[in-house]
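Each chain gets a letter, A, B and so on, in the order the sequences are listed, and its residues count up from 1. Treat the numbers as computed from the prediction; the structure is a model and nothing was measured.
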Amino acid sequence: MARVTYLEAIHQAQKEEMARDKSVFIMGEDVRCNVFGTTTGFVDQFGEERVRDTPISENGFIGAAGGAAMVGMRPIVDATISSFLFPAMDQICSIIAKSRYIYGGQARLPLVIRSCLFYGNSNAAQHSDRPYSMFMNMPGLKIIAPSNASDMKGLLKAAIRSDDPVLSFEDSTCWMAKGEVSDDVDHVIPLGKGDIKREGSDLTIIGVAGGVNVALNAAKKLAEEGISAEVIDPRTLVPLDRELILQSVRKTGRAICVDPAHMTCSAASEIAATIVEHAFDALRGPVVRVTTPDTHLPFSPHIEKPLYPSVERIVDAARRIIGAERAVPA
Amino acid sequence: MTTTGENDPRLEKYRRMQRIRQFEAKAEAIHAAGEIPGALHTYAGMEASGVGACIALRDDDYMVGTHRSHGHPIAKGAKLRPLMAELLGKVTGICKGKGGSMHLSDFSMGSLGETSIVGSGGPVAAGAALGAKLQGLDRVALCFFGDGASSEGAIHEGMNLAAVWSLPAIFVCENNRFGMSTPTDKAVAGANVADRAHGYGIPGVIVDGQDVDAVEAAVREAVDRARAGKGPTLIETKTYRYGDHAVNMGRELTPRGPEHDDWVARDPITIYRKRLVEAGVADADLDAIDSAIADEVADALQFARDSDYPVFAEAFDHVFVDRLPIPADVSAHA
Ligand SMILES: Cc1ncc(C[n+]2csc(CCOP(=O)(O)OP(=O)(O)O)c2C)c(N)n1
Ligand SMILES: [Mg+2]
């Protein structure tokens, strides 16, 4: 165990898996010069064939990762910022997600497409996307969205070892946060297994990606008011650990879904729908989404920051749900 | 050489072209009768392009094709039964009934997909070539694409990647003069798709797509080059499809000019048969091949007809490596 940052956890996961398995290689724009610090020392250790700088050609090299995977390699693509997945929607949705299915199981596509959620820092609308829910609506892609260093490492290792294509969405608001991370090479967190980040009894807050950390801070605040919030981190969006979420809501009877993505068809929407559909009897109030409104993200920090889920918005939502119920005469 | 033995490679080219022609003639007929669901894009007229290219490949070389997917697998040597069963949507189909006419891809023959998103095979072929290179194998990856597909960015990205990394890839543009209803000269800037090779610093070759030997020679040279680590080649086969974009649509999409008859007069199978006969192959031997293939096609169709449809759970298999459960509310009515 050592305390390392989220970015260092990515570095360790990639390094350990590349050392373990010769079929793993990494490619992306400027990976050799190591812009974010996740490929430090890779060229020296693994050589230029396995650490490949690509042309600025997302559809080309992401599709090529699909082709390489089909012939037995295990590519990791570092697509840097998740907004840059859009030019590659063609290969991600039509080739990578569907080839196994459409050819009746003849194809196998073990690859990981990594990209970060680069919001909250005045990068304006074209660089600030959180597009995971767009891919949740496309069968055939597994999706991880870790919220801390230990989960990041364990889930990325699972993703690299998975025989299915996995999209890794790495929240830049978590990059510098340190956490205890195992140095066991087999520290692998199974895809599809959520985690209870804080136990509570009055209310369940389900957080997505960096939304988990906002939810944890809100839970502390709520505790001061005597409200006990449980915080659930699904960690993987596909497959989604619906059972863990439902169990918690059946216990607390109340749910808030916190997601930094835009509201409509967000991961939060899917989680809320799941709760309403399968735990309706347990609900003691409305299921509320705390998300980013359906507007673009502006450059000016004064108007950007208030758009994201915040401790204040979550606390307000919690008070509203609990207050609404208490207002009903007995 | 005038041998006409079973394994005469000249006869194999004839056999494969004839197999495509007869397989599709049967498919078109039963499609018209309503036995095949969905669209059927035939390859008739283009057989020399596919067979010439594939005959220059080894069994373990990779190939990526298109929505016009019947010709490529047969050209590469695939068996007919699973292909016909796929057209009928049967579980014995090559894709277990989940791909259909646009996706006849036989991975056991080195295929990595017949993809119906126009142009989307380019990056896949580049990636397969990269995989082969990283694994130290001397395999090559060949990408078929259409004249219409040449305008897609994915094709450009695939070729650029293959060229800049010197990958063992061969890009074969099958220019059949139309993308759906649109003539090539209304969609493709410059006289030839092959001319674009110069932009990548790779060889660009134009070949008579109705001459199976010419296509084979061009692709062999490209394959040798690729195996020698010298990078990709772009080959444009000038060819023609006889049928409409897809058959039995009730309405012609492709405008036909007077050159239609000239193309049909240069039928690739007729041209090659004549060449074989001139080289001493007996007409009777070729007739025997024709009738043996008619039997193969009939056998494939019988096999397809005798096969079962997939069980409903198949709709949930192969999304991931592990089969998905069938949602209860759906299974109740399936
Ligand atoms: C990305 C995409 N755009 C449009 C289509 C619809 N479409 C199917 S085939 C076709 C024409 C393709 O022309 P070409 O590449 O020349 O191949 P051909 O059909 O002539 O063999 C079109 C437009 C598609 N399948 N995929
Ligand atoms: Mg065409």
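Contact count against chain B (heavy-atom pairs under 4.5 Å) is highest for A:Ala107 among A:Ala107, A:Pro87, A:Ala88, A:Ser23. Of the listed residues A:Arg52, A:Arg108, A:Lys98, A:Met73, the one with more heavy-atom pairs under 4.5 angstrom with chain B than any other is A:Arg52. Most heavy-atom pairs under 4.5 Å with chain A, from the set B:Ala128, B:Pro123, B:Ala162, B:Gly158: that is B:Pro123.
In this structure, the side chain of A:Glu49 does not engage the main chain of B:Leu134 through any donor-acceptor pair within 3.5 Å. Between the A:Tyr103 side chain and the B:Glu114 main chain, a donor and an acceptor come within less than 3.5 Å of each other.
Residues A:Pro55 and B:Val164 are in side-chain contact: their nearest non-hydrogen atoms beyond the backbone lie under 4.5 Å apart. Between B:Glu152 and A:Asp90, the closest side-chain pair of non-hydrogen atoms is not below 4.5 Å. Contact of the B:Arg139 side chain with the A:Val71 side chain is not registered, since no non-hydrogen atoms from C-beta on lie closer than 4.5 Å. Side chains of B:Val319 and A:Arg100 form no contact here, defined as non-hydrogen atoms less than 4.5 Å apart. B:Glu157 is listed as a side-chain neighbour of A:Asn59, based on a closest heavy-atom distance under 4.5 Å.
Interface remark: B:Ile94 contributes backbone and side-chain atoms alike to the contact with chain A (heavy atom separation under 4.5 Å). For A:Val166, no part lies near chain B; criterion is any non-hydrogen pair under 4.5 Å. Both the backbone and the side chain of B:Asp106 come within contact range of chain A, with heavy atoms under 4.5 Å apart. Using a 4.5 Å cut-off between heavy atoms, B:Ala169 makes no contact with chain A at all. Contact annotation for B:Ile117: only side-chain heavy atoms (C-beta onward) come within less than 4.5 Å of a heavy atom of chain A.
The two atoms that bring B:Val321 and A:Asp164 nearest to each other are N-OD1, 2.8 Å, heavy atoms only. Among all heavy-atom pairs drawn from B:Ala154 and A:Gln91, the shortest one is CB-NE2, 4.3 Å. For B:Leu112 against A:Met70, the heavy-atom pair with the smallest separation is O-SD, 3.6 Å. Residues A:Gln106 and B:Phe107 share a closest heavy-atom pair of OE1-N, 2.9 Å. Between A:Asp53 and B:Trp165, the shortest heavy-atom distance links the atoms O-CZ2, 3.5 Å.
Judged by the 6.0 Å distance and 45° axis criteria, A:Lys142 is positioned over the aromatic ring of B:Phe320.
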